[in-house]
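Worth knowing before you read on, the calculation uses all heavy atoms, side chains too, and leaves out hydrogens, waters and symmetry mates. Source: prediction; values computed, not measured.
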Amino acid sequence: MGFTIGGIRDLRSGSRRRIRSAEGTAVAEYTGLWGWDVVPGARAVRAGGRTECSCGVPDCPSPGAHPLSFGRELAAGATLEKALAAWAETPGAAVLLPVGRTFDILDVPEGAGRGALVRLERMGLPLGPVAAAPTGRALFFVAPGAAAALPDLLYRMGWDDADLDLRPLGPGDHVTAPPSDFGGLGPMRWLRPPTLETAGRPPQARLLLGALAYVCNRAAGRAAVDAAGPSVR
């Protein structure tokens, strides 16, 4: 790693005068402590009652949720000084993490995700970082390869025909990382923050998928009953 926990403490004290933003601190942690690549991302801005993207492209399809074309990717293991200097080149940029390298993502409704976390912790199963988006989604960090393997995993577990609001993210995708704003809707946050044990070695998707599929299926069933009205109850 590029620096130690002690280095993080230094960053949060005297070194703040160099980059005072929460994003700058997060970038240094993500690259140097957690071993993740980081990409500067666009931000959503409000203009005339509508949301526009800071990239300047009219009618951007992903306002405030995509990499900046001119941003320089910061590789995992960067030193503290390099992390601060690189992010200073794109002040105000959102912090994006490329998916499909150190981790893939399983994206579920936040309510279902919180329920799954309780079940998984009770079962003593390994867990990686889990982020929450202001859109009401929970992002479970799992080992790379999960996105490609998901259809087969669901088939083997008998969930392939179920109504599941469960989306995989893999190579080519990016996730907005806390504490950055997501699409002008509010900040990302951690439901389960990364640790030295989980950041570089998140769990295999198959260990979490049963609980995630179960809670997603139950949530879909409850939503269907609510939509049908009192006569169905």
Side-chain angles (χ1 to χ4, degrees), residues 34 36 62 65 96-180 182-183 185-233:
W34 309 135
W36 293 338
S62 303
L96 301 188
L97 305 176
V99 185
R101 301 180 185 179
T102 310
F103 57 83
D104 277 8
I105 295 287
L106 296 180
D107 176 341
V108 301
E110 184 177 341
R114 288 181 179 274
L117 275 174
V118 173
R119 293 177 65 86
L120 292 164
E121 289 171 348
R122 189 177 299 151
M123 295 165 66
L125 291 173
L127 285 165
V130 183
T135 53
R137 309 293 298 183
L139 310 180
F140 284 72
F141 287 51
V142 293
L150 187 62
D152 184 59
L153 287 172
L154 290 174
Y155 174 78
R156 292 183 182 184
M157 294 180 176
W159 290 107
D160 53 313
D161 290 331
D163 181 15
L164 303 178
D165 186 1
L166 193 161
R167 314 167 190 168
L169 300 177
D173 294 318
H174 294 79
V175 294
T176 304
S180 290
F182 178 80
L185 301 174
M188 297 287 294
R189 64 191 191 282
W190 290 113
L191 296 181
R192 187 180 178 90
T195 67
L196 290 174
E197 292 74 28
T198 64
R201 291 189 292 181
Q204 295 292 324
R206 60 181 174 78
L207 299 176
L208 313 185
L209 194 54
L212 288 173
Y214 174 77
V215 296
C216 285
N217 188 58
R218 285 192 62 187
R222 287 195 299 268
V225 170
D226 291 341
S231 61
V232 178
R233 297 185 177 90

Would you mind writing out the side-chain donor-acceptor pairs for residues 126-135 within the sub-3.5 Å range, not counting sequence neighbours?
none

Output side-chain donor-acceptor pairs under 3.5 Å for residues 141-153, partner residues at least two apart or in another chain, one line each.
unit_1	atom_1	unit_2	atom_2	d
D152	OD2	R156	NE	2.9
D152	OD2	R156	NH2	3.2

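With W36 contributing its side chain and A199 its backbone, the two residues share a donor-acceptor pair below 3.5 Å. Between the S62 side chain and the A65 main chain, no donor and acceptor come within less than 3.5 Å of each other.
To the nearest 0.5 Å, atom CG of residue L212 and atom CZ of residue F140 are 5.0 Å apart. Note that OH of Y155 is 9.5 Å distant from CG of D161, once rounded to the nearest 0.5 Å. Rounding to the nearest 0.5 angstrom, the gap separating the CG atom in L164 from the CH2 atom in W159 is 6.5 Å. How far CZ of R122 is from CG of L125: 12.0 Å, rounded to the nearest 0.5 Å. Taken to the nearest 0.5 Å, the CZ atom of R192 stands 9.5 Å off from the CG atom of L120.
For the side-chain contact (heavy atoms from CB on, under 4.5 Å) criterion with L139, the lone passing option out of T176, V108, D107 is D107.
For the pair I105/P168, no side-chain contact is recorded, criterion being any heavy-atom separation below 4.5 Å from C-beta on. Side chains of C216 and P109 form a contact here, defined as non-hydrogen atoms less than 4.5 Å apart.
In summary, D165 and R137 engage in a salt bridge, as defined by a charged side-chain N under 4.0 Å from a carboxylate O. Between R114 and E110 a salt bridge is recorded (basic side-chain N to carboxylate O distance below 4.0 Å).
Residues G115 and V215 come closest through the heavy atom pair C-CG1, 4.2 Å.
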